[in-house]
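Below: the structure, in structure tokens.
Order of listing sets the numbers, starting from 1, for every ligand and every atom in it.
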Amino acid sequence: MFGFSEMQSSASTLFSAYASLAASMMLVRSMANEIIPNPVRSYIQSAIHYLFTPLSTQLTVIVDEHCGLTRNQVYEAAEIYLGTKISPNAERFKVHKTPRQKNLNISIQKNEEVDDTHQNVQLKWRFVSVEPQDRHTGEKRFFELTFDKKFKEKVLSEYLPFVLAKYKEIKDNDKEVKLYAMNCLYDYDEGGGGGVWGSVKLEHPSTFETLAMDKEMKKAIIDDLERFVKRKEFYKKVGRAWKRGYLLYGPPGTGKSSLIAAMANYLKFDIYDLELTNLYSNSELRRILVSTTNRSIIVIEDIDCSAEMQERQLGNDSSNTKLTLSGLLNFIDGLWSSCGDERIIVFTTNHKDRLDPALLRPGRMDMHIHMSYCTTQGFRLLATNYLGLGDPHRLFGEIESLIENVQATPAEIAEELMKSDDADIALGEVVNFLKRKKSEANNIEEEKNLALEAHDNKQKKTSGAEKEAKRMKTEKIANRTLRNCMKRSTRGRRHRMP
Ligand SMILES: Nc1ncnc2c1ncn2[C@@H]1O[C@H](COP(=O)(O)OP(=O)(O)OP(=O)(O)O)[C@@H](O)[C@H]1O
Ligand SMILES: [Mg+2]
């Protein structure tokens with residue numbers, strides 16, 4: 001057993017040992033502080049810290065709201081994307097909408113967390129907002145994305161691009177398609193056009209579902225559009241401007257303008273309606289085209305009527321002071337592509353045969369689309385759309401056999417179908433209309449035949465003497481032309497003689 005005095009002495013020994021150890025430690029530390037330079041010291045400290053801290057398997061990526069002065073796209077994408085991932089158990093979230101947006105936007109609250117899974121990778125997002133430190137700094141907002149370290153590559157190369165693509169999809173869905181026109185009283189504050197163009201919301205309800213046209217042609221157009229929007233890299237690789245040209249031709253009322261609206265609604269591209277008759281020079285045309293935005297359809301309706309533009313001259317002959325077809329073709333051929341991407345150019349005409357051959361040259365307009373008179377297939381689609389018919393109606397057979405022999409446009413058929421909600425009445429109107437049209441066509445044909453017959457008879461009556469006089473007159477003219485040509489060529493040779 002230890003007595004009290006023994007215990008006292010051992011405690012004091014212990015204390016003095018501790019005191020001397022502490023003193024030597026302090027000495028060593030102050031010596032180390034003096035001998036070992038600062039950077040080496042902090043390296044040793046962090047190495048010791050690393051050795052004694054349990055290894056974390058988690059990695060956190062910070063997605064700041066801004067990168068420099070511009071907004072970080074990944075942040076914007078995360079904000080919108082996470083709105084679609086809010087769990088049903090969430091107790092709070094934010095909702096907002098601007099006048100130009102179609103749908104409500106949902107986003108997460110400060111310090112809220114959202115779990116996500118992508119190809120078996122578990123991810124946790126957290127929205128952090130730091131209050132401003134002083135008057136000069138704003139609120140700092142960012143997302144933290146945490147996941148297992150071993151998926152770092154997968155998250156960076158697959159998951160985040162996936163979030164960006166989803167964001168684009170959501171934005172595109174929310175986008176309002178606009179129709180821009182020049183020198184009109186539309187809203188000029190909408191941006192996109194630098195004051196040259198005014199815009200209104202495109203209210204045209206036409207879609208590929210409502211469009212009556214050859215099924216295969218319709219599919220070919222949709223496939224072509226889809227291929228076009230997906231091929232950014234391809235166009236870059238082959239050094240071509242990322243644009244596509246369509247020529248739509250056919251009689252009035254066959255759906256050319258409706259097809260353009262369907263394309264715009266399908267791709268969510270804005271339409272720029274370019275009225276060439278309002279333009280007077282190539283430089284004006286260039287200015288107008290440069291101020292159109294990406295992801296748009298530039299439309300020139302009735303291009304055959306615009307062909308006269310070649311005649312319109314202003315001032316002298318230099319290429320910029322008059323508007324020419326070649327000026328327009330230069331832009332189409334990609335000279336202006338450096339200031340735009342993802343453009344579609346559409347020309348429409350009622351008379352393909354009247355177009356300048358330069359417009360029809362291969363490679364200029366990528367697709368020539370014929371919008372034809374209503375076919376039986378087209379009629380079925382219109383009847384289904386307008387009357388909501390599920391099964392074939394008893395009048396279909398009669399209408400279809402009439403349609404095969406009459407040139408009626410989808411616009412005309414649609415007008416008849418609109419006359420009543422009652423299928424029997426509306427389809428009866430279609431039958432009457434087609435019959436009327438057929439008899440009109442027969443009458444015209446008859447009149448034409450009669451006129452031809454009369455002409456033939458007149459020809460036959462022309463006497464032999466008259467024929468001989470005509471022949472001699474033609475021969476005289478031919479001889480005179482030949483003499484003139486010979487005179488000119490002799491004169492030309494004389495000039496060139498040394
Ligand atoms: N192929 C079609 N499918 C569905 N509806 C059509 C079709 N063609 C015409 N229509 C109907 O007729 C209306 C007029 O057609 P649209 O303006 O598209 O014809 P267009 O070919 O552009 O005529 P134009 O040569 O006179 O400009 C459309 O609003 C639509 O209701
Ligand atoms: Mg039209």
Report task. Compute the minimum heavy-atom distance from Tyr386 to ligand 1 and say whether it is under 4.0 Å. Result -> yes
**Report entry** Within-shell test, Leu382 vs ligand 1, heavy atom, strictly < 4.0 Å
**Finding:**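 A heavy atom of Leu382 does come that close to ligand 1.
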Shortest protein heavy-atom distance from [atom], along with the residue and atom involved:
atom                    : result
atom 18 (O) of ligand 1 : Ser258 OG, 2.6 Å
atom 19 (O) of ligand 1 : Gly255 N, 3.3 Å
atom 26 (O) of ligand 1 : Pro252 CB, 3.5 Å
atom 27 (O) of ligand 1 : Ser257 OG, 3.9 Å
atom 9 (C) of ligand 1  : Gly253 O, 3.4 Å
atom 7 (C) of ligand 1  : Pro410 CB, 3.4 Å
atom 11 (C) of ligand 1 : Ala411 CA, 3.9 Å

Could you tell me whether [X] and [Y] make a salt bridge, using a distance below 4.0 angstrom between a side-chain N and a carboxylate O?
X      : Y      : result
Arg227 : Asp224 : yes
Glu440 : Lys437 : no
Asp172 : Arg295 : yes
Arg71  : Glu79  : yes

Within the 3.5 Å criterion, strictly below it, is a donor on [X] or [Y] matched to an acceptor on the partner's side chain?
X      : Y      : answer
Ser420 : Glu429 : no
Thr293 : Tyr180 : no
His393 : Asp424 : yes
Tyr386 : Glu416 : no
Thr277 : Glu275 : yes

Requested in this report: Please name the residue in the list Thr349, Val346, Leu274 that meets the side-chain contact (heavy atoms from CB on, under 4.5 Å) test with Ile300.
Outcome: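 Testing each of Thr349, Val346, Leu274 against Ile300, the sole residue satisfying side-chain contact (heavy atoms from CB on, under 4.5 Å) is Leu274.
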Purely on distance, is any nitrogen or oxygen of [X] under 3.5 Å from one on ligand 1?
X      : result
Ala212 : yes
Ala414 : no
His204 : no

In ligand 1, which numbered atoms sit nearer than 4.0 Å to a non-hydrogen atom of [X]?
X      : value
Thr210 : 3 (N), 4 (C)
Leu211 : 3 (N)
Lys256 : 18 (O), 19 (O), 20 (P), 21 (O), 22 (O), 23 (O), 24 (P), 25 (O)

Query raised in the report: Is it true that some N/O/S atom of Ser258, main chain or side chain, lies under 2.8 Å from the Mg ion (ligand 2)?
Result: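 Not a single backbone or side-chain N, O or S atom of Ser258 is under 2.8 Å from the Mg ion (ligand 2).
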